[in-house]
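Along the sequence shown, residues are numbered consecutively beginning with 1. Predicted, not measured: the structure shown is a model, and the values here were computed from it.
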Amino acid sequence: MNLSTILKPGTMAVVGVSTTNDNHPANVIFHKNHLHHTVKVFAVNNRGGTLRGEPLFQSVADIPEKLDLAIIATKTEFVPKVMEECIRAGVGGAVVISGGFAETGREDLQDRIVAIAKEADFPFIGPNCLGIYAPPCIDSLFIPGERMVKPEPGRVAIISQSGGILVDHMVKCAGYGIGLSVGISIGNKALVREVDLLRHFANDPDTDVIAFYLEGFGKGEGREFVLAARDCPKPVIVLKSGKTASGTKAVSSHTATIAGDYKVFSSVMTQHGVVEAADDFELTAFAGALSSYRKPMGPRVGIITGSGGHGALASDACSTRGFTLPALTDQEQGELRSLVSPSIKEIATYTNPIDLTGSSIDDDFVATARYLSRKQDLDCILMLVLPYLPGVTMDLGARLGVVHQQEGKPLIAYVPHVERYRILIEGFIENNVPVAHSVEDAVHMAKAIRRNKSC
């Protein structure tokens, strides 16, 4: 199944555009893509006419250009007919936004559009979905542009059964500075399923990390997915719902999916090197870490902080997740003491965590990070940066990022998520250092790198 054309289309029709309701999902999708994306977009309404001066075609067959993709946002009962028209017109594939299929008990109608598509080898995503966000090509999410928070273009692909979960993660990724290659809501996944997308993005040169929000699988599909993830040369992250009886019931009513035995699936994922996120915050943190660091690492962590309390919290979080904190020897402590500024030589703590105190300056963090980066008995450094310390400047992120680039040791930063610290955060991100906005998330990032299979 070739998905390249529908995931990064050059031409697209939006079917179901309304002449009376400009808030209709089809209208929202048409206007966003017509004004802000590189895809060439055409509007379809079976009565024809115009919309804001743009022609409305009565059918995709009337559009004078070859179409890569059709967005179908008509009433449910019209979807089979529209799909047949797309096939006859040679459209490359479709996204079916329309709901009212298996999730509402209309398995017959869903089976019908699947049969139509399979006979013609016509790929489609959905039904009952938000669709595709692939900057700068396309945005078929029927959310007004002014209400969306859009991550920068990047190298993480997120595939979600839930459109709402997808949008939530787009918001979180934007906050963490994580760029997306694509975000896809697959809804009922009647034809194109997670394993199809996994295989596609395994070979996509624009994607480095593949993250999934899963609700459930059809018979035998879970095993197929895990084996494909095992063979994927890129990190695969999974957040699974339906872990409890009530969650399983909610999954079934949402997208008519069987959640399956969660404990068995979780165990199999672990055996095959799939990185499982416990919640949506871990999913975002894992994506940020694995988009920066592809190679797995050991459990030995060094912590640098300007606050003893933050160091203690990080120590607890590391210990409860199986990390060790190797102490510096007396000789190493003496060497490190000789590198820091005179004002903190006698008041800083040089064990592990290394507490540089609230009197530290940028140079102290840089010297300590470079020293720990050269220690062979450390696998990763957690850098807990408190921008409100008097001696810390907004240049510190970039300076520490350069240390990481020069020394090569995995570095994970914690910086409080406040807009006025944006320049400091960007200094890390521009040097490929992931930034967490809580101490727990910083440790989650380290956990993801450690659990990732060897690539």
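At most 12 heavy atoms of other shown residues, nucleotides or ligands fall within 6.0 angstrom of atom CZ in R223. Enclosure of atom CG in L227 by more than 12 non-hydrogen atoms of other residues, nucleotides or ligands within 6.0 angstrom is indicated. Enclosure of atom CD in E335 by more than 12 non-hydrogen atoms of other residues, nucleotides or ligands within 6.0 angstrom is indicated.
Side-chain contact check for N432 and Q405: no donor-acceptor pair (N or O, by modelled atom type) lies under 3.5 Å. If you check the side chains of D441 and Y176, you find a donor sitting under 3.5 Å from an acceptor. At a cut-off of 3.5 Å, with distance as the only test, no side-chain donor of T5 or D68 sits close to an acceptor on the other residue. One side chain, H31 or D22, offers a donor N or O that lies under 3.5 Å from an acceptor on the other. A side-chain donor from one of Q406 and R370 sits under 3.5 Å from a side-chain acceptor of the other.
Outside the 6.0 Å centre-distance limit, the rings of H169 and Y213 are not counted as a close aromatic pair. Here the two rings, on F428 and H404, have centers that are 6.0 Å apart or farther.
Of the charged side-chain nitrogens involved, none lies within less than 4.0 Å of a carboxylate oxygen, so that R450 and D379 do not count as a salt-bridged pair. Between E215 and K240, none of the side-chain N atoms (NZ, or NE/NH1/NH2) sits under 4.0 Å from a carboxylate O, so this pair counts as no salt bridge. Between R374 and E407 there is a salt bridge, with a side-chain nitrogen of the basic residue lying less than 4.0 Å from a carboxylate oxygen of the acidic one. For R300 and D377, the salt-bridge test fails: no basic side-chain N is under 4.0 Å from an acidic carboxylate O. In summary, R199 and E224 engage in a salt bridge, as defined by a charged side-chain N under 4.0 Å from a carboxylate O. With salt bridges taken as basic N to acidic carboxylate O contacts below 4.0 Å, one links D206 and K8. At a threshold of 4.0 Å, the pair D208-K234 does not count as salt-bridged, since none of the basic side-chain nitrogens sits closer than that to a carboxylate oxygen. Under a 4.0 Å N-O distance rule, the pair R321/E440 qualifies as a salt bridge.
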> Can you list the steps and then say if S267 with Q271 is a side chain to side chain donor-acceptor pair (under 3.5 Å)?
Replying inline: CA-CA 6 Å; S267 175; Q271 292 172 22; 3.3 Å; yes

>> Could you walk me through whether T351 and Q333 satisfy the side chain to side chain donor-acceptor pair (under 3.5 Å) test, starting with their C-alpha distance in whole Å, then the side-chain angles of each, then the deciding distance to 0.1 Å, before giving a yes or no?
In response: CA-CA 7 Å; T351 52; Q333 292 184 49; 6.0 Å; no

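Classification of the F225-F212 ring pair by plane angle, with boundaries at 30° and 60°, yields perpendicular.
When all heavy atoms of L378 and K409 are compared, the pair lying nearest together is O-NZ, 2.6 Å.
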